[in-house]
Amino acid sequence: NAGVMQNPRHLVRRRGQEARLRCSPMKGHSHVYWYRQLPEEGLKFMVYLQKENIIDESGMPKERFSAEFPKEGPSILRIQQVVRGDSAAYFCASSPPARARNSPLHFGNGTRLTVT
Amino acid sequence: KQEVTQIPAALSVPEGENLVLNCSFTDSAIYNLQWFRQDPGKGLTSLLLIQSSQREQTSGRLNASLDKSSGRSTLYIAASQPGDSATYLCAPRGGSEKLVFGKGTKLTVNP
């Protein structure tokens with residue numbers, strides 16, 4: 001049973017380019033969470049999605065950031081026109097649908113974005 | 001707004017010692033609390049999940065306790081080993097469904 005898969009592991013983008021981060025949840029999981037970890041900082045919540053729905057995006061920056069979790073395929077975190085301050089590790093976590101709030105979150109190994 | 005504090009920020013101990021990591025949180029209205037470890041450059045590994053109705057949860061040499069009313073949790077590690085060296089994170093989960101993380105305790109176990 002594969003864990004949460006994130007790709008790419010490392011991503012380098014120049015300022016102004018777009019970054020797309022992918023997350024495939026564990027098999028049977030339909031809830032996905034994205035977190036960001038800045039250097040020397042704790043993990044900060046960004047967005048919580050279920051299939052085809054954004055449940056909570058209170059942690060998402062108002063501009064340039066978007067997330068989706070389509071019916072088929074992985075969840076995508078998209079950052080447009082990246083800036084140096086977007087350099088961070090982005091982690092995805094998933095949980096099963098049944099009694100999701102009582103289930104542990106399982107995290108992927110993250111995507112480390114570097115903006116040059 | 002939930003705030004999580006972990007003390008100490010860093011801890012260095014000799015191999016074999018028993019140790020306690022502390023976590024406090026400001027909003028006691030939580031469903032559960034999860035402890036993780038994070039190795040440098042890696043993702044998070046779930047260690048223990050304590051539901052709000054539980055007081056303790058054990059896995060091998062790890063024991064986590066939860067006092068929801070006082071907003072505290074502790075992670076006890078028995079007979080520490082160099083392989084336990086990592087950053088330990090606690091994360092309560094409240095009504096908004098999301099985990100809120102502390103900054104972690106960086107543990108170094110010296111052989």
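Just so we're clear, the structure is a prediction, and the values are computed from it rather than from any experiment. No hydrogens, no waters, no symmetry mates; every other heavy atom, side chains included, goes into these values. Order of the sequence lines fixes the chain letters, A, B, ..., with proteins taken first and strands second; residue numbering starts at 1 for each chain.
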Could you see if [X] belongs to whatever hydrophobic cluster contains [Y]? Use Ile, Leu, Val, Met, Phe, Trp, Tyr and a side-chain cutoff under 4.5 Å.
X	Y	value
A:Val82	A:Trp34	yes
A:Ile54	A:Phe69	yes
B:Ile77	B:Val13	yes
B:Leu48	B:Leu107	yes
B:Phe25	A:Phe45	no

Inspect the surroundings of [atom1] in [X] and state if more than 12 heavy atoms from other residues, nucleotides or ligands are less than 6.0 Å away.
X	atom1	answer
B:Arg61	CZ	yes
B:Glu15	CD	yes
B:Arg72	CZ	no
A:Met5	CE	no
B:Lys42	NZ	no

Worksheet item: Relative to A:Tyr48, does B:Lys98 satisfy both conditions: NZ or CZ under 6.0 angstrom from the six-membered ring centre, and within 45 degrees of the ring's axis?
Response: no
Discussion item. Given heavy-atom pairs under 4.5 angstrom as the criterion, report whether the side chain, backbone, both or neither of B:Gln6 touches chain A.
Written reply: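 No part of B:Gln6 comes within 4.5 Å of chain A.
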Discussion item. What part of B:Leu89 gets within 4.5 angstrom of chain A, counting heavy atoms only: side chain, backbone, both, or neither?
Written reply: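 The side chain, not the backbone.
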Worksheet entry | Over all atoms of both residues, closest heavy-atom pair of A:Phe107 and B:Leu44 | CB-O, 3.7 Å
Worksheet item: Just by distance, do the side chain of B:Arg93 and the backbone of A:Leu105 share a donor-acceptor pair under 3.5 Å?
Response: no
Worksheet item: Which bit of A:Gln37 is near chain B, if near means a heavy-atom gap under 4.5 Å: side chain, backbone, both or neither?
Response: side chain
Discussion item. Within this structure, what is the NZ-CG distance for the pair B:Lys103 and A:Leu43, rounded to the nearest 0.5 Å?
Written reply: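 Between B:Lys103 NZ and A:Leu43 CG, I get 12.0 Å after rounding to 0.5 Å.
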Discussion item. Taking the ring centre of each residue, are B:Phe101 and A:Tyr35 less than 6.0 Å apart?
Written reply: yes
Worksheet item: For B:Gln34 and A:Ser103, what are the C-alpha separation, side-chain angles and deciding distance, and is it a side chain to side chain contact (heavy atoms under 4.5 Å, CB included)?
Response: CA-CA 10 Å; B:Gln34 202 165 347; A:Ser103 301; over 6 Å; no
Worksheet item: Given the options B:Val4, B:Val100, B:Leu99, B:Thr45, which has more heavy-atom pairs under 4.5 Å with chain A than any of the others?
Response: B:Leu99
Worksheet item: Residue by residue, which of residues 78-88 of chain B have a heavy atom closer than 4.5 Å to a heavy atom belonging to chain A?
Response: none
